[in-house]
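The next block holds one structure in the form of structure tokens; read it before the comments.
Counting starts at 1 for both ligands and their atoms, following the listed order. From a predicted model like this one, the values you see are computed outputs, not experimental measurements.
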Amino acid sequence: MSEELLRLNKLCVDYKVKDGYLSAVKDVSFSINKGEIFAIVGESGCGKSTIAHSILHLLPEHNEIIKGNIFFNGEDINQYTDKQLESIRGKEIGMIFQNPIDSLNPVYTTGFQVAEGIMLDNVSKTEAWNRVIKLYNDVKMPDAEKRAQSFPHELSGGMRQRVMIAMMLARTPKLLIADEPTTALDVTIEAQILNIIKSLRDEYNTAVMLITHNFGLVAEVADNVAVMYAGEILEQGTVFDIFDNPKHPYTKLLMKALPRKTKKEGRLQTIDGNVPRLTNDKPGCRFENRCPYAMDICKSNDAEKIMVTESHSFNCHMGGVDKQ
Ligand code: ATP
Ligand code: SF4
């Protein structure tokens with residue numbers, strides 16, 4: 001049976017802004033099992049990174065209110081002090097970002113930086129170096145020995161992202177958070193990096209929380225998917241639930257907007273309207289101003305969660321009515 005690793009329960013994050021509080025994440029709940037690839041997909045600004053940063057206590061200090069629970073291995077790490085969290089950051093939960101150059105120190109070789117992490121677990125210098133070379137080979141780094149002795153500026157963007165993945169996996173974390181890991185890369189390298197993430201999951205049973213605005217990536221690698229909009233999860237399910245049987249009007253519109261391979265399947269559709277301001281939050285569906293099916297009740301009441309199957313749910317007042 002699959003074992004739960006991470007569970008968010010009604011996570012809310014409000015940022016303090018000039019005119020009040022901005023509700024960046026509202027009542028977000030989901031769980032990720034060991035070895036699972038879970039994608040959070042949504043447009044820019046929908047709150048994806050805020051969720052990742054909340055898990056690792058990386059939000060700007062004194063600027064936000066966080067409510068809800070973040071259970072990791074059964075413990076609510078949202079209640080942890082920063083010192084307690086320090087003991088699992090990197091070791092149990094690793095994170096890779098969009099721009100690896102920001103996370104690498106320019107004055108040390110990349111191999112040294114990866115080895116440093118390994119030596120934190122009382123491993124000798126020689127053994128750490130051997131592990132660095134093994135990891136560089138695992139992440140398909142060309143000419144691993146030479147690259148381990150290179151400085152970050154001597155590597156391409158794709159190679160730096162491989163270093164970051166090696167660095168995060170050096171301590172075999174149980175969860176890898178990948179925040180738009182391939183956005184800065186060209187499509188060929190993107191495909192290679194995704195294959196590496198998948199094969200490493202297979203080898204180390206690492207769970208992956210993949211944050212992306214790219215539905216194509218989700219279809220390629222994810223087991224389960226949460227679709228976010230304006231700080232809320234509107235629909236979640238297996239990758240087949242979401243792609244073959246989308247229920248929420250927003251997911252359906254996103255599916256129509258996906259570029260198709262054949263001309264017959266139609267022009268790219270964009271969704272009219274803008275994301276609402278999230279300050280001074282009031283009840284009601286946040287997608288209401290853009291939804292073709294909006295009703296009066298949508299303006300004033302939050303929609304209840306509707307279970308389609310055990311794995312598939314969505315929040316909408318339209319309920320089971322299946323409009324196209
Ligand atoms: P992107 O894909 O562009 O990174 P995202 O989906 O990760 O976007 P977040 O960066 O989590 O979204 O932002 C969610 C909302 O919170 C946005 O409206 C953003 O403007 C706002 N926000 C993020 N950080 C802060 C902050 N430090 N102070 C105030 N508002 C913030
Ligand atoms: Fe549209 Fe109403 Fe459903 Fe929101 S709750 S998606 S406005 S029908």
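Residues F71 and Y80 fall into different hydrophobic clusters, defined by Ile, Leu, Val, Met, Phe, Trp and Tyr side chains chained together at heavy-atom separations under 4.5 Å. Transitive grouping of hydrophobic side chains (ILVMFWY, heavy atoms separated by less than 4.5 Å) brings I40 and L59 into a common cluster.
The aromatic rings of H53 and F97 are tilted relative to each other, their planes meeting at an angle between 30° and 60°.
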Pairs of donor and acceptor atoms involving the side chains of residues 224-233, under 3.5 Å and at least two apart or interchain, shall be tabulated with distances.
residue : atom : partner : partner atom : Å
N224    : ND2  : E36     : OE2          : 2.9
Y229    : OH   : R290    : NH1          : 3.2

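With hydrogens and angles disregarded, no donor-acceptor distance shorter than 3.5 Å links the side chain of D121 to the backbone of V123. A donor-acceptor pair is defined here as one N or O able to donate and one able to accept, closer than 3.5 Å; no such pair exists between the side chain of H317 and the backbone of C285.
Take a cut-off of 2.8 Å around atom 3 (Fe) of ligand 2: the protein N, O or S atoms inside it are C316 SG.
Chaining together hydrophobic side chains whose heavy atoms lie under 4.5 Å apart places Y21 alongside I65.
For the pair I242 and F215, the minimum side-chain heavy-atom distance is below 4.5 Å.
Aromatic pair Y108/F151: centroids not less than 6.0 angstrom apart.
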Contact table, ligand 1 N/O with protein N/O, distance under 3.5 Å:
residue  : atom   : partner : partner atom : Å
ligand 1 : 2 (O)  : K48     : NZ           : 3.1
ligand 1 : 3 (O)  : S44     : OG           : 2.5
ligand 1 : 6 (O)  : G45     : N            : 3.3
ligand 1 : 6 (O)  : C46     : N            : 3.0
ligand 1 : 6 (O)  : G47     : N            : 3.1
ligand 1 : 6 (O)  : K48     : N            : 3.1
ligand 1 : 6 (O)  : K48     : NZ           : 3.0
ligand 1 : 7 (O)  : S49     : N            : 2.8
ligand 1 : 7 (O)  : S49     : OG           : 2.8
ligand 1 : 8 (O)  : G45     : N            : 2.7
ligand 1 : 11 (O) : T50     : N            : 2.9
ligand 1 : 11 (O) : T50     : OG1          : 2.5
ligand 1 : 12 (O) : G47     : N            : 3.1

